[in-house]
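By convention in this document, chain letters (A, B, ...) are assigned in the order of the sequence lines, proteins followed by strands, and residues within each chain are numbered from 1. Because only heavy atoms are used, hydrogens play no part in the values below, and waters and symmetry mates are left out as well, while side chains stay in.
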2 protein chains.
Amino acid sequence: MAAPLFNAKLTVHTQSHDYPIAIVEQCDMATSIAPYINGQQVLIVTNDTVAPLYLQQLQEQLADSFTVAVCILPDGEQYKNQDSINQIYDALMAQHFNRDVTLVALGGGVIGDMTGFAAASFMRGVDFIQIPTTLLSQVDSSVGGKTGINHAQGKNMIGAFWQPKMVLADMSTLKTLPARELSAGLAEVIKYALIMDIEFLEWLETNLPAMMQLDLAVLGAAVKRCCEYKAAVVAQDEREAGMRALLNFGHTFGHVIETHEGYGSWLHGEAVAAGMVQAAQLSQMMGWLGEADVARIKRVLILANLPIDPPPINVDTALELMGHDKKVKGGQIRLILLKSIGQAVLTDDFDTQLLNDVLS
Amino acid sequence: MAAPLFNAKLTVHTQSHDYPIAIVEQCDMATSIAPYINGQQVLIVTNDTVAPLYLQQLQEQLADSFTVAVCILPDGEQYKNQDSINQIYDALMAQHFNRDVTLVALGGGVIGDMTGFAAASFMRGVDFIQIPTTLLSQVDSSVGGKTGINHAQGKNMIGAFWQPKMVLADMSTLKTLPARELSAGLAEVIKYALIMDIEFLEWLETNLPAMMQLDLAVLGAAVKRCCEYKAAVVAQDEREAGMRALLNFGHTFGHVIETHEGYGSWLHGEAVAAGMVQAAQLSQMMGWLGEADVARIKRVLILANLPIDPPPINVDTALELMGHDKKVKGGQIRLILLKSIGQAVLTDDFDTQLLNDVLS
């Protein structure tokens, strides 16, 4: 007898409404999301990589019950911009869709962020549903309602907080995910362990090999754990007034890498991995982490096939790019550092010379 | 001894926060808004018509206490688009402004709507303050948090609900307003009377001549009354799930005129005036208004120098344009009609043939 498929559900509590995250080993997407579609109009937004894999079946099945249109965008972080959002608007207008419409994001974090922002801004806000098809979006970007696009001078500068009606994480979609993308997702998984839970780090040190070999039940368990962490944080601090910022561990350094190298060159998760090492090194200089802690962090990232060194970037350029970060307050760069493994803090109380040392 | 200047304050209650509307006959703008600026960064957004009149003084005085930048956009509804929003983003990024920034909208409804949407979407939401300098924006668009831009195929299709930190209506700015723009604003003033308060209509029939002659105290009293109506509606139905839609009386017909004639050709208030007559005519065909009621509506609009007839538009084209309206639900056009003067209803229960008759 086959083992039952992994199947979990949790609820995210937000100011606007509560919504479910379903994490399933394998499912029929249309059947799973249909109960969360109000009205008769559906626009599926996806990209040219994901479309050939999952679009036809989803579209055909939804078409039995709804008026379904499709917007296929080019794949990649470099297309996370206003032009793509305009394509979504144009598709909605061409169909005469209105406030009744539900947008369905079928793809990774880029598709989810853009679809969410289009949903937040079309007719001042319509429904959307997330079907994340990458590990990174399953554990991170599909949960919590951060939507948006990049500005030429900064990542995620334009956007809105806008919560989906439901999130469907179908683990079987990870079978078609390139290994490099899987690793990029593992960077965010490891991030949760580093900022919140040293026991989860131990679990990952044991289970990462199975995850890399696409054991969907183990992956499902990890995704569920990450979504639980994130849902707990979002429920307390939806608009990132405080503790939600801790989820950006490694991201301030990582955004510098992404912006400097050009969107799409380094994957977001890869930049976060190298950025977490930089944040850990600064935490060590502050006397909070030991050498062994930093070595352990590097080891687990290497186990997930992730980079631990940033590309060469001039220190002044890096500081300039950091100046655009959304966490900057009163002109002062604020960073998320580790007091210890499993305990992160947001602080502007660090020696600028130490930051320079880490960046150089 | 001179009579004391008109000076009133009211509070708008919304889900996110309460905020004041100050309606004053004349004031020092910088002093009035400074207490509502959190942080050190200010971006004033204005247009090339208003800038020569009020920008320099406001900018210089604010610069004593804040880091102030300016974004001057071309004047006109035809520039209420994504390009203008991008100019605001670019100005914010060029200054390295961040979540601490306050955007100040200095101008009419177009500037207010665009500045509000830029504030709603920059870094997923920053503060903004409205200084409406047209009668239309003082009585309508600056109150209630509707922000947005036009899409080539429809007015206000892209936007957000985003509430300002305060609204400052300085009646003396109306002295520099072209007479045609003053009349356009009066269309929205008359709208409140028609949908909510027949006694206010009587007051207007008496006082419109003084308002047309720029009696600022009488204008201030009218603005205060309109803001009170609107604040009461917004407090009950911020996101237009129900009664807030009534404020769009004349707007579904009016949007058809604006879209068909090209943004900037008919002023919004002019289109609303002609649209209110069409809605009144349909209300008469429904047996709700008498012939004398429609004649009275036309008379008060003429008194305010407003058009009462739409331009020639093909019926099918008009219906096609109406199909894009945000109030369309389940494919059915919904209209705001008058049960009587002072009492509006949102309904889809009208004979399509009657709508055709009105449009032709």
*Atom CG of Asp349(A): over 12 foreign heavy atoms under 6.0 Å*: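 Counting neighbours around CG of Asp349(A), 12 or fewer heavy atoms of other residues, nucleotides or ligands fall under 6.0 Å, so no.
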*Just wondering, more than 12 heavy atoms not from Tyr19(A) lying within 6.0 Å of its OH?*
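Atom OH in Tyr19(A) is packed in, count exceeds 12.
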Between atom [atom1] of [X] and atom [atom2] of [Y], what is the distance when rounded to the nearest 0.5 Å?
| X | Y | atom1 | atom2 | result |
| --- | --- | --- | --- | --- |
| Ile158(B) | Phe122(A) | CD1 | CZ | 6.5 Å |
| Arg239(A) | Arg99(B) | CZ | CZ | 10.5 Å |
| Gln15(B) | Gln15(A) | CD | CD | 9.5 Å |

*Checking heavy atoms, do the side chain of Gln82(B), its backbone, both or neither come under 4.5 Å from chain A?*
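For Gln82(B), side-chain heavy atoms alone lie under 4.5 Å from chain A.
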*Distance-only, no hydrogens or angles: does the Arg124(A) side chain make a donor-acceptor pair with backbone N or O of Thr147(B) under 3.5 Å?*
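Present.
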_Regarding Asp90(A) and His151(B), do their side chains bring together a donor and an acceptor under 3.5 Å, going by distance alone?_
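Yes - a donor-acceptor pair under 3.5 Å links their side chains.
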